[in-house]
Amino acid sequence: IAPFASLIFSILLSSCDPCRNLDCTCDRISGQFRIVSKTGGKDLVFGAAPLYDKTKIKFYTLKSSDTIFFPYNTVKFAGNGYDSILYVSFYPTAMTSVYMKLSDTDTDTLDITYNTFNTRCCGTITEITKFRYNNLLDIPGKEGTQEIKK
């Protein structure tokens, strides 16, 4: 009877697990950017006459004597008025100052603010809450595609 009782006890415990069927949120450590002109909002990367070459844009940080590059993809969106965006993964997340090199003569700074919190069922979650562009302007980090005006 003891093995039967332990089986029933195990079933009861597993049925009380509130995390059992939970679909956990993953880390949000990426940014979506459009580089546009200050006047008129013309797309400076993907427009008809781009100012910046998308293949030469670099996102990176410096750690001691190392340069860490952040990968990005160009993502095309249909139906929302955008041609494409730069979708950048900022991993590792310990880096808070990132440089966005658009050309040999144009490099900007994005200071990143992260929020890390523990969850009962999903472990530790990290998300970007904002970007500070050139130490002047705060850009929300988790509200979709952000426009950087140049």
Side-chain angles (χ1 to χ4, degrees), residues 10 12-150:
S10 296
L12 287 174
L13 279 180
S14 67
S15 66
C16 295
D17 181 8
C19 301
R20 183 175 49 150
N21 293 322
L22 184 64
D23 185 17
C24 290
T25 302
C26 60
D27 292 335
R28 288 186 223 140
I29 54 171
S30 59
Q32 302 172 49
F33 304 102
R34 288 185 69 224
I35 316 296
V36 298
S37 65
K38 284 183 184 177
T39 56
K42 175 184 157 196
D43 192 317
L44 300 177
V45 177
F46 299 103
L51 179 63
Y52 303 110
D53 181 349
K54 67 180 176 253
T55 64
K56 294 184 178 178
I57 295 173
K58 305 272 188 246
F59 290 86
Y60 65 94
T61 192
L62 304 172
K63 183 177 182 182
S64 299
S65 61
D66 294 329
T67 303
I68 300 169
F69 291 93
F70 297 103
Y72 71 91
N73 294 308
T74 57
V75 179
K76 188 162 186 76
F77 285 109
N80 65 358
Y82 298 166
D83 181 324
S84 296
I85 62 165
L86 298 170
Y87 183 87
V88 188
S89 176
F90 294 104
Y91 182 83
T93 58
M95 308 306 166
T96 56
S97 288
V98 172
Y99 303 98
M100 178 177 64
K101 183 177 180 180
L102 298 171
S103 70
D104 288 338
T105 58
D106 192 350
T107 301
D108 296 308
T109 303
L110 293 171
D111 290 315
I112 303 174
T113 302
Y114 297 94
N115 181 27
T116 300
F117 53 94
N118 293 317
T119 64
R120 180 176 173 199
C121 298
C122 301
T124 302
I125 304 290
T126 300
E127 64 184 6
I128 294 174
T129 56
K130 72 177 177 179
F131 299 95
R132 177 160 275 227
Y133 174 66
N134 287 340
N135 206 26
L136 300 172
L137 176 67
D138 289 335
I139 303 170
K142 55 183 180 178
E143 295 181 17
T145 302
Q146 305 304 316
E147 288 189 348
I148 295 178
K149 296 180 180 180
K150 306 237 358 124

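Bear in mind the structure is a predicted one, so any value in this text is a computation, not a measurement.
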Requested in this report: For a side-chain hydrogen bond (donor to acceptor under 3.5 Å, both in side chains) with Arg132, tell me which candidate from Thr113, Asp111, Asp138 qualifies.
Outcome: Asp138
For residues [X] and [Y], determine if any side-chain heavy atom of one lies less than 4.5 Å from a side-chain heavy atom of the other.
X: Leu86; Y: Met100; value: no
X: Tyr114; Y: Thr129; value: no
X: Phe90; Y: Thr61; value: no
X: Leu110; Y: Phe59; value: yes
X: Thr126; Y: Asn115; value: no
X: Ile125; Y: Thr116; value: no

Would you say the side-chain atoms of [X] pair up with the backbone N or O of [Y], donor to acceptor, closer than 3.5 Å?
X: Ser84; Y: Phe46; result: no
X: Asn134; Y: Thr109; result: yes
X: Thr67; Y: Leu62; result: no
X: Tyr72; Y: Ile57; result: yes
X: Asp43; Y: Val45; result: yes

So, [X] and [Y]: side-chain donor and acceptor under 3.5 Å apart, yes or no?
X: Tyr87; Y: Thr74; answer: no
X: Asn118; Y: Thr124; answer: yes
X: Asp53; Y: Thr55; answer: yes

Report task. Please indicate whether Tyr133 has more than 12 foreign heavy atoms, meaning atoms of other residues, nucleotides or ligands, lying under 6.0 Å from its OH. Result -> yes
Requested in this report: Inspect the surroundings of NZ in Lys150 and state if more than 12 heavy atoms from other residues, nucleotides or ligands are less than 6.0 Å away.
Outcome: yes
Query - Ion pair check, Asp104 and Lys56, cut-off under 4.0 Å - result: no
Query raised in the report: Which heavy atom in Thr39 sits nearest to a heavy atom in Ser37, and how many Å separate them?
Result: O-OG, 2.7 Å
Query raised in the report: Given Asp108 and Tyr99, is the side chain to side chain contact (heavy atoms under 4.5 Å, CB included) satisfied, shown in steps?
Result: CA-CA 6 Å; Asp108 296 308; Tyr99 303 98; over 6 Å; no
Query raised in the report: For Lys58, what residues pass the side-chain contact (heavy atoms from CB on, under 4.5 Å) criterion, not counting sequence neighbours?
Result: Tyr60, Phe69, Lys101
Query raised in the report: Phe131 and Phe33: aromatic ring centres closer than 6.0 Å?
Result: yes
Report task. Output the distance between atom CD1 (Ile112) and atom OG (Ser97), rounded to the nearest 0.5 Å. Result -> 8.0 Å
**Report entry** Counterpart residues, ring pair (Phe, Tyr, Trp, His ring centres under 6.0 Å), relative to Phe117 (two or more places apart)
**Finding:** none
Query raised in the report: Just one of Ile85, Leu44, Ile148 clears the side chain to side chain contact (heavy atoms under 4.5 Å, CB included) bar with Arg34, so which one?
Result: Ile85
